[in-house]
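Following: one structure in C-alpha cells, then a few remarks.
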Amino acid sequence: MKTSALRIRTPEGIVFAQSLAGPVMRFFAWVIDLLLIVAFMYGLNRLMSWVRLISPDIAASLTTAGFFVVNVGYGMFLEWIWRGQTIGKKVMRLRVVDADGLRLQFDQIVTRNLLRFLDMLPLFYVIGGLSCWLSQKCQRLGDIAANTIVIRIPEISEPDLEQLLEGKFNSLRKYPHLAARLRQRVSPVEASTALQAVIRRDRFDPIARIELFRQLAAHFQEKVDFPPEATEGLTDEQCIRNVIDVIYSARV
C-alpha cells in the first residue's frame with residue numbers, strides 16, 4: 001500500500017516522519033532542471049561551433065562527452081554540495097535523503113543519477129514514473145538501487161527564541177565551528193521535532209518529558225561531538241533549547 005509519509009526510527013528511539021514527494025512534484029522539479037540542462041547544452045553547442053571550423057570530428061566527440069557530463073554531472077554535483085537538492089528540487093522544496101534516515105552518501109548520489117537514463121525510457125520518465133506510482137515509498141528505479149527517497153521539505157516558521165530560551169546563556173555558541181557543523185548536519189525534520197518538543201513540553205507527563213528530552217539530547221550529541229564543558233551541568237531539556245537556538249537563530 002502506497003503511503004504519503006515514511007516513518008523512520010533512529011537508534012535512540014526517536015521517530016521522524018518524512019513526507020514523500022509524489023511523481024507530479026518530482027516531474028515538475030525535473031522539468032526545471034531539464035530547462036537548465038538544455039540551456040547549458042545550448043551554450044556548449046555554440047562553443048563547439050568554433051571547434052567545428054577546425055575539426056568536425058573533435059567537435060562531435062566533445063559535444064557527446066559534454067552531453068554526458070552535463071546530464072549526469074549536473075545532478076551528482078548539486079545533490080552532493082546541496083545535500084540532496086538540485087535547483088529544480090530547491091524550487092519545488094524537495095530533497096533526496098537516505099531511505100533509512102542515515103546521512104546521504106556520495107555513492108548513493110552516483111547510483112541514482114547513473115540509473116536516471118533507465119528511468120527516462122522510453123520517453124519523459126515513463127519507466128521512472130510507473131515505478132514511483134507502484135513503489136510504496138514512491139521510488140524510481142534509481143532510488144530503489146541507491147536506497148534513497150525524495151521528501152517534501154516542510155515550511156518552518158521562525159520561532160520566538162527569546163520566549164523559548166528564556167534568556168539563558170547558550171554554551172554551544174562558544175564553539176562557532178561546531179555550531180556551524182551542527183546546522184549543516186541537522187535536517188529540517190529533525191529541527192522541527194526538537195522545536196515542537198520544547199513548545200509542547202508542558203503537555204507531556206513528567207516522566208515522558210524527561211525520557212523524550214533524554215533521547216533527543218542523545219540524538220543531537222551524535223551529530224556533533226561538543227566538548228564536555230559545553231554541556232556540563234545542563235539538563236537534557238536545556239541542551240535541546242541550545243540546539244534550537246543554534247539552528248534557528250541568525251546570530252553566530
Side-chain angles (χ1 to χ4, degrees), residues 1-12 14-37 68-121 124-156 181-193 219-220 222-223:
M1 179 179 179
K2 184 185 285 292
T3 178
S4 60
L6 181 68
R7 297 174 66 84
I8 298 174
R9 179 179 293 273
T10 70
E12 296 82 7
I14 302 173
V15 178
F16 296 106
Q18 305 273 28
S19 298
L20 297 173
V24 176
M25 294 185 67
R26 295 183 61 171
F27 178 78
F28 285 139
W30 172 74
V31 169
I32 294 173
D33 289 328
L34 177 63
L35 293 176
L36 292 171
I37 290 174
F68 178 80
V69 170
V70 171
N71 274 273
V72 178
Y74 171 87
M76 287 184 186
F77 178 72
L78 292 183
E79 286 181 1
W80 176 243
I81 66 171
W82 284 346
R83 299 174 58 204
Q85 286 188 298
T86 60
I87 295 176
K89 290 184 178 69
K90 275 184 174 291
V91 173
M92 299 304 297
R93 300 187 64 81
L94 307 181
R95 185 185 299 276
V96 179
V97 297
D98 180 88
D100 297 321
L102 303 176
R103 185 175 179 83
L104 187 65
Q105 301 297 318
F106 184 68
D107 62 317
Q108 293 176 288
I109 294 174
V110 171
T111 299
R112 71 185 308 275
N113 279 281
L114 287 178
L115 290 179
R116 188 181 301 278
F117 290 106
L118 180 60
D119 282 304
M120 293 176 66
L121 295 175
F124 293 117
Y125 268 97
V126 171
I127 290 180
L130 288 175
S131 177
C132 284
W133 282 112
L134 298 175
S135 169
Q136 183 179 5
K137 299 178 183 179
C138 198
Q139 295 169 296
R140 61 177 178 84
L141 298 181
D143 288 317
I144 295 173
N147 194 38
T148 56
I149 57 174
V150 179
I151 62 170
R152 291 184 289 121
I153 302 174
E155 294 190 32
I156 303 175
R181 189 178 303 169
L182 180 66
R183 284 192 294 270
Q184 181 184 28
R185 293 182 176 180
V186 172
S187 71
V189 176
E190 291 171 318
S192 177
T193 300
H219 176 77
F220 285 105
E222 287 291 324
K223 296 285 185 180

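Keep in mind that what you see is a predicted model, and the values were worked out from it rather than measured.
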- Which heavy atom of I144 sits nearest a heavy atom of S131, and at what distance? CD1-OG, 3.9 Å
- Do you know which two heavy atoms are closest between C132 and P23, and how far apart they sit? CB-CG, 3.7 Å
- Query: Rounded to the nearest 0.5 Å, how far apart are OG of S19 and CD1 of I149?
  - Reply: 10.0 Å
- Item | Pair E79, N113: side-chain N/O donor-acceptor within cut-off below 3.5 Å | yes
- Flag side-chain contact, heavy atom, 4.5 Å: I87 against W82: yes
- Note on the structure: One should read off an interatomic distance between F117 CZ and L115 CG, to the nearest 0.5 angstrom, of 10.5 Å
- Verify, without hydrogens or angle tests, whether Q139 (side chain) and N147 (backbone) share a donor-acceptor contact under 3.5 angstrom. no
- Could you tell me the separation between the CH2 atom of W30 and the CG atom of L35, rounded to the nearest 0.5 Å? 9.0 Å
- Message: Can a donor-acceptor pair be found, under 3.5 Å and without considering hydrogens, that links the side chain of R93 to the backbone of I151?
- Response: no
- Item | Carboxylate-amine/guanidinium contact E190 R185, below 4.0 Å | no
- For L182 and F220 the tightest heavy-atom approach is CD1-O, 4.3 Å
- Task: With the side chain counted from C-beta on, respond yes when V150 and R112 share a heavy-atom pair under 4.5 Å apart, and no when they do not.
- Result: yes
- What distance do T148 atom OG1 and R140 atom CZ have between them, rounded to the nearest 0.5 Å? 7.0 Å
- Query: Under the side chain to side chain donor-acceptor pair (under 3.5 Å) criterion, do D98 and Q105 qualify, and how do the steps go?
  - Reply: CA-CA 8 Å; D98 180 88; Q105 301 297 318; over 6 Å; no
- Task: Would you confirm whether D119, through its side chain, and G142, through its main-chain N or O, come within 3.5 Å as a donor-acceptor pair?
- Result: yes
- With distance as the sole test, does Q85 use its side chain to make a donor-acceptor pair with the main-chain N or O of L94 at under 3.5 Å? yes
- Task: Measure from the side-chain N and O atoms of R83 to the backbone N and O of L104, and report whether any donor-acceptor pair falls under 3.5 Å.
- Result: no
- Item | Ionic contact status for D33 with R116, cut-off 4.0 Å | no
- Query: Can you tell me how far CG of D143 sits from OG of S135, rounded to the nearest 0.5 angstrom?
  - Reply: 8.0 Å
- Minimal non-hydrogen separation, A29 against K89, with atom names: CB-N, 4.0 Å
- Message: So, taking the atom named OG1 in T111 and the one named CE in M76, what distance separates them when rounded to the nearest 0.5 Å?
- Response: 8.0 Å
- Message: Between N71 and I37, is there a side-chain heavy-atom distance shorter than 4.5 Å?
- Response: yes
